[in-house]
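Computation of the quantities below employed the complete heavy-atom set of this structure, encompassing side-chain atoms and omitting hydrogens, waters and symmetry-equivalent molecules.
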Amino acid sequence: MTDAKKKLFIKTYGCQMNVYDSERMAETLGAQGYEQTEDQSEADMVLLNTCHIREKAAEKLYSDLGRLKPLKAEKPDLKIGVAGCVAQAEGEEIVRRMPIVDLVVGPQSYHRLPQMEAQVQTGVRALDTDFPQDDKFEVMKARPKAKRGPTAFLTVQEGCDKFCAFCVVPYTRGAEVSRPAERIVAEAQGLVEAGVREITLLGQNVNAYHGDAEGLAGLCAKLVKIDGLERIRYTTSHPNDMDDALIAAHGDEPKLMPYLHLPVQSGSDKILKAMNRKHTAEDYLRIIERIRAARPDILLSSDFIVGFPGETDDDFEQTMQLIDAVGYGAAYSFKYSARPGTPAAEKEDVAQDVMDERLQRLQALVTTQQHATQEAMVGREVSVLFEKPGREPGQWGGKSEYLHAVHVEAEGALRGQIRKVRITSAARNSLAGELVEK
Ligand code: 5AD
Ligand code: SF4
C-alpha cells in the first residue's frame with residue numbers, strides 16, 4: 001500500500017512572478033509526495049508566498065499567520081512555510097516573531113525545498129534566504145508533463161540593477177540574472193505540448209533580458225518558431241530597455257500581442273530624477289510614439305506612484321498631463337510607501353490626505369480612459385483565446401489580443417481555441433461578443 005499524499009495549500013500574494021514561483025514550488029514539493037489543495041483546513045503544509053513591494057503586503061502576512069494559529073493548535077503536525085520577498089527581506093524577524101513558522105525560504109532558494117521539508121519533518125525549523133551561486137531553475141527537476149490550461153507564465157529573468165529609489169526588488173530578488181535562451185525555449189516547448197497556447201514571459205525587468213545575444217527580441221524570435229505557441233506577451237518592462245529590435249518586433253511579429261505594460265511612475269522630470277528612473281517624461285513619450293508607429297493599435301498600460309517624497313501639486317499635474325497625452329488602456333496606481341533600506345525611505349513623506357486626493361484623481365482619469373478604450377472595441381472584431389466557461393451557463397470566456405476579458409454565448413466547449421469575435425457591448429470590466437463563425 002502506498003502512503004496517502006500529503007496536502008499542500010499555497011497562498012500567493014503580489015506579482016505574476018510569485019504565481020510562477022508558487023507553481024514551481026508546488027511541483028518541487030509534488031515530487032516529495034505533496035498534492036495541492038484549495039482547502040487550507042485539510043493541509044499538511046501551508047505555504048505563504050509573499051510580496052514586499054508595499055507596506056500593506058507585509059502586514060497582511062503577519063495577520064494571515066496570526067489567523068493560522070488556531071489551525072496549528074488543532075493540528076500540531078501542520079507545517080507552516082513563508083516564501084517570497086518578505087521571507088527574503090525579513091526572514092530572521094519572521095522566525096523570531098512567529099514561532100508557528102517552520103520554514104522560511106527566499107525566492108532564490110526554493111530548489112532547496114526538498115531538503116528543508118525533510119528537516120522540518122524532524123522538528124527542526126529551516127531558514128534559507130541566501131542568494132546561491134547555483135541557478136534554481138536548472139537545479140530543479142524538469143516540469144511535470146500534466147495537461148495544462150491554455151495560458152502560462154514563464155520566468156525568463158529575475159532581479160533588477162536599476163535601483164529606483166522607492167523599490168525593494170534589487171534587495172529582495174537580487175541583481176539581474178537572465179536564464180539561457182535554449183532552456184526557456186525547451187520549457188516553452190514542454191508547456192505547449194501540455195496544451196499551452198499563450199505564454200507570458202516574466203521578469204522584474206523583462207526587457208533587460210540578456211540570455212540571448214539579441215536580447216528579448218531575439219528570445220521572442222526563437223519562441224515564435226514553436227508550432228502551437230500562438231501568443232507571446234511579456235511583463236514588466238522598463239522604458240530604457242525598449243530597444244529598436246523589440247520595438248520593431250511589435251510591428252513584425254504577429255504572435256507578439258498588442259498590449260504592453262510600460263511603467264513610467266511619474267510625469268514630472270524632477271520626480272523621475274529623484275526616483276532615479278534615468279529618463280524624462282519626454283523620453284517616455286518619444287518611446288511610446290515609436291512603439292505606436294510600429295504597432296498603431298497597441299494598448300498601453302503603466303504603473304504610477306503618487307506622493308513620492310517631494311512631489312508638489314505641480315509635479316502631480318504633470319503626471320496627469322502625461323496620462324492625458326498617452327491615453328492608457330489600463331493603469332495601476334499606488335500611494336508611495338516607504339520601504340526600509342531604500343534611498344527614498346530617508347526622505348520626508350507627502351501628507352496622507354494629499355496622497356489620497358491625488359490617488360483618487362489619478363484613478364478617476366485612468367478609469368475614464370480604460371472605459372473609453374473598452375467602448376471603442378464595440379463593433380470591432382478581435383481574436384479571443386478561450387480559457388474557461390463564463391459566469392452564466394452556456395458562456396465561454398477568454399482574453400482578446402488586447403488582454404480584455406471577453407465572453408460569448410457558445411454551445412460547445414471552447415477551451416484552448418482562438419476564435420474571431422465581434423464585440424457587441426462593453427461592461428465595466430469585460431466585453432461581450434459573438435463568435436464570427438459558429
Ligand atoms: N511604494 C509605492 N509603490 C511602489 N511600487 C514599487 N515600489 C513602491 C513603493 N515603495 C509600485 C511601482 C511598481 C509597481 C510594481 O509597484 O509602481 O511599478
Ligand atoms: Fe512583490 Fe515585487 Fe517580490 Fe513580486 S517581485 S513578490 S511584486 S516585491
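- With no hydrogens or angles considered, no side-chain donor-acceptor pair links Thr129 and Gln88 at under 3.5 Å.
- Looking only at atom types and distance, the side chain of Glu176 has a donor-acceptor partner in the side chain of Ser178 under 3.5 Å away.
- A donor-acceptor pair is defined here as one N or O able to donate and one able to accept, closer than 3.5 Å; such a pair exists between the side chain of Thr319 and the backbone of Gly267.
- In this structure, Arg233 pairs ionically with Glu198, as a charged nitrogen and a carboxylate oxygen lie closer than 4.0 Å.
- Here Arg24 pairs with Glu27 in a salt bridge; the nearest charged N to carboxylate O distance falls below 4.0 Å.
- The environment of NZ in Lys273 is sparse: at most 12 heavy-atom neighbours from other residues, nucleotides or ligands sit within 6.0 Å.
- Side-chain atoms of Ser41 and Asp39 form a donor-acceptor pair, as typed in the model, at a separation below 3.5 Å.
- Checked by atom type and distance alone, the side chain of Gln374 never pairs as donor or acceptor with a backbone atom of Gln369 at under 3.5 Å.
- Taken to the nearest 0.5 Å, the OG atom of Ser302 stands 7.5 Å off from the CD1 atom of Ile323.
- For Tyr402 and Tyr259, the ring centers are positioned 6.0 Å apart or more.
- To the nearest 0.5 Å, atom CD of residue Glu42 and atom CG of residue Leu78 are 12.0 Å apart.
- For the pair Glu311 and Arg358, the salt-bridge criterion is met [side-chain N within less than 4.0 Å of a carboxylate O].
- For Lys162 and Asn205, the side-chain atoms include at least one donor-acceptor pair closer than 3.5 Å.
- For the residue pair Tyr13/Asp64, the side-chain donor-acceptor check at 3.5 Å is satisfied.
- When atom types are taken as modelled, the side chain of Asn49 and the backbone of Asn18 share a donor-acceptor pair closer than 3.5 angstrom.
- With 3.5 Å as the limit, one finds no donor-acceptor pair spanning the side chains of Gln119 and Gln115.
- Crowding of Gln360 atom CD: a count of heavy atoms from other residues, nucleotides or ligands under 6.0 Å not exceeding 12.
- Listed by chain and residue number, Glu90 satisfy the side chain to side chain donor-acceptor pair (under 3.5 Å) test with Tyr62 (two or more places apart in sequence, or in another chain).
- Under the 6.0 Å cut-off for aromatic ring centres, Tyr284 and His238 do not qualify, their centroids lying 6.0 Å or more apart.
- Remark: Asp349 engages no residue in a salt bridge (charged side-chain N to carboxylate O under 4.0 Å, His left out) (not counting sequence neighbours).
- The main-chain N or O of Gln204 is found under 3.5 Å from a side-chain atom of Gln157 such that the two form a donor-acceptor pair.
- Between Arg179 and Glu187 there is a salt bridge, since at least one side-chain N of the basic residue sits less than 4.0 Å from a carboxylate O of the acidic one.
- Between His261 and Tyr332, the angle of the ring planes goes over 60°, which puts this pair in the perpendicular group of the 30/60° scheme.
- Remark: side-chain polar atoms of Asp303 are not paired, donor with acceptor, to backbone N or O of Gln265 under 3.5 angstrom.
- Summarising the geometry, atom CG belonging to Leu29 is positioned 5.0 Å from atom CG belonging to Leu113; distances are rounded to the nearest 0.5 Å.
- With sequence neighbours left out, the side chain to side chain donor-acceptor pair (under 3.5 Å) criterion links Asp243 to no other residue.
- Note: Leu61 CG to Cys85 SG = 12.0 Å, rounded to the nearest 0.5 Å.
- The distance between the ring centers of Tyr328 and Phe304 falls below 6.0 angstrom.
- Separating the CG atom in Leu246 from the CG atom in Leu219 is a distance of 10.5 Å, to the nearest 0.5 Å.
- Checked for salt-bridge contact, Asp102 and Lys72 meet the test: a charged N lies under 4.0 Å from a carboxylate O.
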